There are 2 protein chains.
Amino acid sequence: MAQVLDKIDTKILGILQENSNRTTKSIASELGMTTSPIFERIKKLEKEGYIEKYVAVLNNKKIGLKLTVFIGITLQGHTRSYLEKFVNEINNFPEVIECHRVSGNFDYLLKLVVEDIEAYETFIISKLTLLPYLGNVQSLIALSTSKETNEIDLSRV
Amino acid sequence: MAQVLDKIDTKILGILQENSNRTTKSIASELGMTTSPIFERIKKLEKEGYIEKYVAVLNNKKIGLKLTVFIGITLQGHTRSYLEKFVNEINNFPEVIECHRVSGNFDYLLKLVVEDIEAYETFIISKLTLLPYLGNVQSLIALSTSKETNEIDLSRV
DNA sequence: ATTAAAAACAGAATTATATTCTTTATAAAT
DNA sequence: ATTTATAAAGAATATAATTCTGTTTTTAAT
């Protein structure tokens, strides 16, 4: 297999991660090509998994979910079967949009999006702290967010 | 202004945030309607800002960015003009995909996506620690990620 | 309850785009 | 130089987005 992604592929990925509604025609004209090779390349990027999916990004605030919170968690008992159970519970909470197992001062880091402080407190009290073996729990409440994107800088690739 | 989002709008948002390439026809058939009202509703949701943008989600690992890191930062000097400068610098680093000002044990929480541990170290040494007034810096390296989405549970809205 | 006005919908018609196909060019290997 | 494989161009087709018109439904005021 030759070079996996060439310059053109990288440019296409960059364009689509910024706006996935761009037409093949407009991408083609930007890159000085015609639609068919652009189309074929995009299909290839999809099939090979470089592009995972296409999604609409919503404005959480407008929808009524005004608060983002990060929660660092340390567990007390670390049996494998419990960890699996714990992660499974966490992932099923609709408030949780990210769950990472981390190294450092915590075992897990969660990212939540909730309505407001009250909804956050409800989550802590009637969901999170009901889980057993919970050790240290530390919350970081987002006061403001200056950057929040999924867009990757592809100049590094 | 009447109820801002009705059930149909919410369903449309739910569908599009899961897969923005769904055709109006397929959405219409799922919701038991015809294409024109669906089309009009989507355009309205875009114009009013409920839908911010449409993006392709890439597979970072496949692209060569294998490491996600969270960094908690405390600052020492907190003059307003310095904060602005600091945030501005942070936001311009291509490794940083999120920057939140937080309350709790840190002033800022960053999310980074980088190639590997080496690239992470390079970021710390030759970018982050060059910024003045830096206090405590604490990294959480993602060992594994069980959930990572932008998708919001709309049943709460 | 009745009516007028506005909003939402259905269905058809049109326009634009995605997708496929065929041909031509390019590059690599023998 | 010749063959083979890969990528691109350009035309043709299929599908989807978008617009338009007429109808129904909803809303609000009387």
Side-chain angles (χ1 to χ4, degrees), chain A residues 1-59 61-64 150-152 154-157, chain B residues 1-59 61-64 150-152 154-157:
Chain A
M1 177 164 38
Q3 184 62 33
V4 190
L5 291 179
D6 64 12
K7 288 248 178 65
I8 297 172
D9 291 325
T10 302
K11 280 180 185 166
I12 292 173
L13 290 176
I15 289 170
L16 290 178
Q17 77 170 161
E18 200 253 327
N19 175 9
S20 61
N21 276 180
R22 287 279 300 272
T23 64
T24 57
K25 194 173 162 188
S26 107
I27 296 172
S29 106
E30 177 173 335
L31 302 185
M33 297 169 75
T34 56
T35 66
S36 32
I38 299 295
F39 177 80
E40 281 162 10
R41 280 169 178 267
I42 291 172
K43 288 304 152 194
K44 195 174 175 188
L45 291 167
E46 292 169 357
K47 182 155 56 150
E48 294 184 352
Y50 293 98
I51 297 173
E52 281 185 353
K53 55 183 174 177
Y54 297 95
V55 305
V57 176
L58 309 186
N59 184 326
K61 295 234 172 84
K62 278 210 82 154
I63 288 170
N150 205 28
E151 232 177 283
I152 291 305
L154 293 171
S155 67
R156 288 178 281 167
V157 180
Chain B
M1 178 164 35
Q3 184 63 31
V4 192
L5 291 180
D6 65 12
K7 288 247 177 66
I8 297 172
D9 291 325
T10 302
K11 281 179 185 166
I12 292 173
L13 290 177
I15 289 170
L16 291 177
Q17 77 170 162
E18 199 253 328
N19 175 11
S20 61
N21 276 179
R22 288 279 299 272
T23 63
T24 56
K25 194 173 163 188
S26 110
I27 297 172
S29 107
E30 177 172 335
L31 303 185
M33 298 170 73
T34 55
T35 67
S36 32
I38 299 295
F39 177 80
E40 282 161 11
R41 280 169 179 267
I42 291 173
K43 288 303 150 195
K44 195 174 175 189
L45 291 167
E46 292 168 359
K47 183 155 55 152
E48 294 183 352
Y50 293 98
I51 297 173
E52 282 186 351
K53 55 183 174 177
Y54 298 95
V55 305
V57 176
L58 308 187
N59 183 326
K61 295 235 172 83
K62 277 210 81 153
I63 287 170
N150 205 29
E151 232 177 284
I152 291 305
L154 293 170
S155 68
R156 289 176 280 167
V157 180

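Remember, predicted model here, so these are calculated numbers, not experimental data. Naming convention: chains lettered A, B, ... in sequence-line order (proteins, then strands); numbering from 1 in each chain.
Here dA16(D) is the nucleotide among dC9(C), dC21(C), dA16(D) with the atom lying nearest to any side-chain atom of Lys25(B).
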CA sep, side-chain torsions, deciding dist, call: Asn150(A), Val55(B), side-chain contact (heavy atoms from CB on, under 4.5 Å) | CA-CA 9 Å; Asn150(A) 205 28; Val55(B) 305; 5.7 Å; no

Test Arg41(B) against Asp6(B) for side-chain contact (heavy atoms from CB on, under 4.5 Å), laying out the working first.
-> CA-CA 11 Å; Arg41(B) 280 169 179 267; Asp6(B) 65 12; 2.9 Å; yes

Stepwise, does the side-chain contact (heavy atoms from CB on, under 4.5 Å) test hold for Glu30(B) with Lys11(B)?
-> CA-CA 10 Å; Glu30(B) 177 172 335; Lys11(B) 281 179 185 166; over 6 Å; no

Stepwise salt bridge (charged side-chain N to carboxylate O under 4.0 Å, His left out) check, Lys43(A) with Glu40(A) | CA-CA 5 Å; Lys43(A) 288 304 152 194; Glu40(A) 281 162 10; over 6 Å; no

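Atom CG of Asp6(A) and atom P of dT26(C) are 17 Å apart (whole Å). To the nearest angstrom, P of dT13(D) lies 17 Å from CZ of Phe39(A). We find that CD1 of Ile27(A) is positioned 14 Å from P of dA8(D), with the value rounded to whole Å. Distance, Glu46(A) CD to dA18(C) C1': 12 Å, rounded to whole Å. Regarding Ile42(B), its CD1 atom lies at a distance of 9 Å from the P atom of dT18(D), rounded to whole Å. Spacing between atom NZ of Lys44(B) and atom C1' of dC9(C) amounts to 14 Å, rounded to whole angstrom units. Distance, Met33(B) CE to dC9(C) P: 4 Å, rounded to whole Å. Between the NZ atom of Lys43(A) and the C1' atom of dT15(D) there is a distance of 13 Å, given to the nearest Å.
Taking for each of Thr24(A) and Gly32(B) the nucleotide of DNA chain C with the nearest heavy atom, the 5'-most of the two is the partner of Gly32(B). Taking for each of Thr23(B) and Ile8(A) the nucleotide of DNA chain D with the nearest heavy atom, the 5'-most of the two is the partner of Ile8(A). Between Arg41(A) and Thr35(A), the one whose closest nucleotide on DNA chain D sits nearer the 5' end is Arg41(A).
Applying the 3.5 Å distance criterion, the base of dA9(D) shares a donor-acceptor pair with the side chain of Ser36(A).
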